[in-house]
Amino acid sequence: MFGKRVNILRIVYDNVKLYKDNRFEVNFIATDRVSDPEQVYQIYGNVYSQKMVALAGINASGKTSALKLIHWAMTIVLQNDSLNENSIYGRDFVQDGTILTVDFYCDNKFYELRSEIGINKVEGTSQQRLYFKDEWIYVKEKSKVHKKNDCLSFEELLYQRSELKEEVKSVIKDDDSIVITVTRDNETELHQLLPFTDINLLMATDNIPTDWLHVFDPNLEALKVYKGDNDSDSYQVKFKGWKKAVTFNNPFMLSNVVSSGTIKGQNLIYHIKKVLKSGGYVIVDELENHLNKELVRMITNIFKDENINKNGACLIFSTHYVELLDFVDRKDNIFITRKEPENSMAIEILNYAKEVKRNDVKKSEVFLSNIIQGTAPRYEYIRALEDSLCEA
């Protein structure tokens, strides 16, 4: 059984670039009625968190950007990373005065972190450095939560960064969040495969069980990882019918023999195993890449199965192929990313449950028929491309 646990309930950015009204919001609470408790994870009373969160949209609609913002907020709360530690994710959307709000549940209490982020130029360079202008942590006893939305409204201020004693301020760097006072030593794991959307490099650091291998390639008998000097790995592979195993000295050579789907599958299972144990989060961009439909169904079923996912681990993924959304039982855990029709540069994030009330229509049909505008390529663009090819 795990120790201290943190459940993320909502992530909000205000005054953030590229988003409609300069606002980004994703809710991890089950806002619709819970008729089947197995589909969600009970936090307290009638407050349930999602076991899956899906972001769907056409190309260049902002799915990957949304995943990066989610990951960045989670690193601050779950891992207590500094603002500048994971600079490749999130910071490109932040501007001076961006407000990050994260609602979460920890140690039988509900909390809200509000952080105002500032930007300074690094003297003598063109680089920018982030810092916290001010922060506020609010708290609410769980006994005061009677309706699910009660866990998102706060009055009791626990800490304010600018009001902390000087001896406390002196040990907290200006780019470290004061949320560490609440979430320090939590065991909720956060994993992500964002750098591996288009590149498949094996991440496992030990021998891979054959049960894992055979799901993705029944002809693969063994895949072993050996640690060498200077953290350089070598990989031993054996297929059925081979008299002996073959060793490769780098992951790029390995990918010439082992399929991209098999490598991605091992990476997924490697991270999923860890988050299932801690009730954590795994973030995957374009879940369908290199995997057939039934393998994706298997992955989503792992998170839906309460006998496997006992601690409320959450899979957060994006997809181009909206047919995968038919594997998602609920509607309130699907978010639509699209460019605002009136402004092709502004990204909107819509909650599917708020846009579509009916339950008798397949989710994929809603997207493919463009019932919600901006969820399918525009017909005139497709026709223009076809005409261009005909002329050529």
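In this chain, numbering begins with 1 at the start of the sequence shown. Only this structure's heavy atoms are used, side chains among them; waters, hydrogens and symmetry mates stay out.
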Here's a test for you: under side chain to side chain donor-acceptor pair (under 3.5 Å), which of N27, D332, T31 qualifies with Q50? D332
Tell me whether L193 is reachable from L315 by hopping between hydrophobic residues (I, L, V, M, F, W, Y) whose side-chain heavy atoms are closer than 4.5 Å. yes
Any ion pair linking R338 and E348 (charged N to carboxylate O, less than 4.0 Å)? yes
Any donor and acceptor pair, going by atom type alone, linking the side chain of D96 with main-chain N or O of G118 inside 3.5 Å? no
List for me each residue that meets salt bridge (Lys or Arg N to Asp or Glu O under 4.0 Å) alongside D175, sequence neighbours excluded, and say none if there are none. R129
If you define the side chain from C-beta out and look only at heavy atoms, does anything of E286 sit under 4.5 Å from T319? no
Could you walk me through whether R114 and I99 satisfy the side chain to side chain contact (heavy atoms under 4.5 Å, CB included) test, starting with their C-alpha distance in whole Å, then the side-chain angles of each, then the deciding distance to 0.1 Å, before giving a yes or no? CA-CA 7 Å; R114 294 186 71 246; I99 302 290; 3.8 Å; yes
Side-chain contact test, heavy atoms from C-beta onward, threshold under 4.5 Å: evaluate it for C314 versus V53 and give yes or no. yes
Would you compute the distance between atom CG of L325 and atom CE of M52 and round it to the nearest 0.5 angstrom? 10.0 Å
What distance do K51 atom NZ and Y41 atom OH have between them, rounded to the nearest 0.5 Å? 9.5 Å
Does atom CZ of F239 have more than 12 heavy-atom neighbours from other groups under 6.0 Å away? yes
Can you sort out the partners of F196 under ring pair (Phe, Tyr, Trp, His ring centres under 6.0 Å), two or more places apart, ordered by chain and number? none
For S49 and F28, indicate whether the former's side chain and the latter's backbone hold a donor-acceptor pair under 3.5 Å. no
Per the salt bridge (charged side-chain N to carboxylate O under 4.0 Å, His left out) rule, what does the pair list look like for residues 300-312, sequence neighbours excluded? K304-D329
Pair Q160-D134, side-chain donor/acceptor within less than 3.5 Å: yes
Side-chain donor-acceptor pairs of residues 178-185 under 3.5 Å, sequence neighbours excluded:
{"from": "T181", "atom 1": "OG1", "to": "I178", "atom 2": "O", "distance (Å)": "2.7"}
{"from": "T183", "atom 1": "OG1", "to": "V77", "atom 2": "O", "distance (Å)": "2.8"}
{"from": "T183", "atom 1": "OG1", "to": "N80", "atom 2": "ND2", "distance (Å)": "3.0"}
{"from": "T183", "atom 1": "OG1", "to": "V179", "atom 2": "O", "distance (Å)": "3.2"}

From L268, N289, N301, L291, residue fulfilling side chain to side chain contact (heavy atoms under 4.5 Å, CB included) relative to V296: L291
Side chains of D285 and T64 only: does a donor on one sit below 3.5 Å from an acceptor on the other? yes
Given 3.5 Å as the limit, does a donor-acceptor pair link the side chain of T188 with the main chain of G280, or not? no
Within-4.5 Å side-chain heavy-atom neighbours: E25 and I11: no
Does NZ belonging to K224 count more than 12 external heavy atoms closer than 6.0 Å? no
Is there a donor-acceptor contact under 3.5 Å from the side chain of K68 to the main chain of D92? no
Return the set of residues passing ring pair (Phe, Tyr, Trp, His ring centres under 6.0 Å) with F252 (not counting sequence neighbours), or none when no residue passes. none
Minimum heavy-atom distance M74-I316, with the two atoms named: CE-CD1, 3.8 Å
Ring-plane angle category for F110 and Y44, please: parallel below 30°, perpendicular beyond 60°, tilted otherwise. perpendicular
Would you check if the side chain of D217 reaches a backbone N or O of N219 as a donor-acceptor pair within less than 3.5 Å? yes
Hydrophobic cluster (4.5 angstrom, side-chain heavy atoms) - remaining members for Y226: none
Nearest-0.5 Å distance, CG of residue L223 to CD1 of residue I208: 4.0 Å
Check whether more than 12 heavy atoms from other residues, nucleotides or ligands sit under 6.0 Å from atom NZ of K169, and answer yes or no. yes
For E294, the salt bridge (Lys or Arg N to Asp or Glu O under 4.0 Å) test, sequence neighbours excluded, returns R297
Give the ring-plane orientation class for F24 versus Y13, where under 30° counts as parallel, over 60° as perpendicular and anything between as tilted. perpendicular
Which residues pass the side chain to side chain donor-acceptor pair (under 3.5 Å) test with E135, sequence neighbours left out? S115, R161, S177
Which pairs pass salt bridge (charged side-chain N to carboxylate O under 4.0 Å, His left out) with one or both residues in residues 148-159, sequence neighbours excluded? none
Is there side-chain contact between Y19 and I349, with at least one heavy-atom pair below 4.5 Å? yes
For D103, which residues count as a salt bridge (Lys or Arg N to Asp or Glu O under 4.0 Å) partner, sequence neighbours excluded? R10
Can you tell me how far the CG atom of L67 sits from the CD1 atom of I70, to the nearest 0.5 Å? 5.5 Å
Close side-chain approach of M203 to I263, heavy-atom, < 4.5 Å: no
Of all residues at least two apart in sequence or in a different chain, which pass the salt bridge (Lys or Arg N to Asp or Glu O under 4.0 Å) check with E221? K238
Intermediate values then yes/no, ring-ring contact (aromatic ring centres under 6.0 Å, His included), Y111 and F104: CA-CA 5 Å; Y111 293 91; F104 61 94; 5.3 Å; yes
So, taking the atom named CD in E323 and the one named CG in D326, what distance separates them when rounded to the nearest 0.5 Å? 7.5 Å
Is it true that, when you exclude K240 itself, more than 12 heavy atoms of the residues, nucleotides or ligands shown sit nearer than 6.0 Å to its NZ? yes
Rounded to the nearest 0.5 Å, how far apart are CG of N120 and CD of Q127? 13.5 Å
Among residues two or more places apart or on two chains, list those pairs meeting ring-ring contact (aromatic ring centres under 6.0 Å, His included) that have a residue in residues 259-306. H191-H271
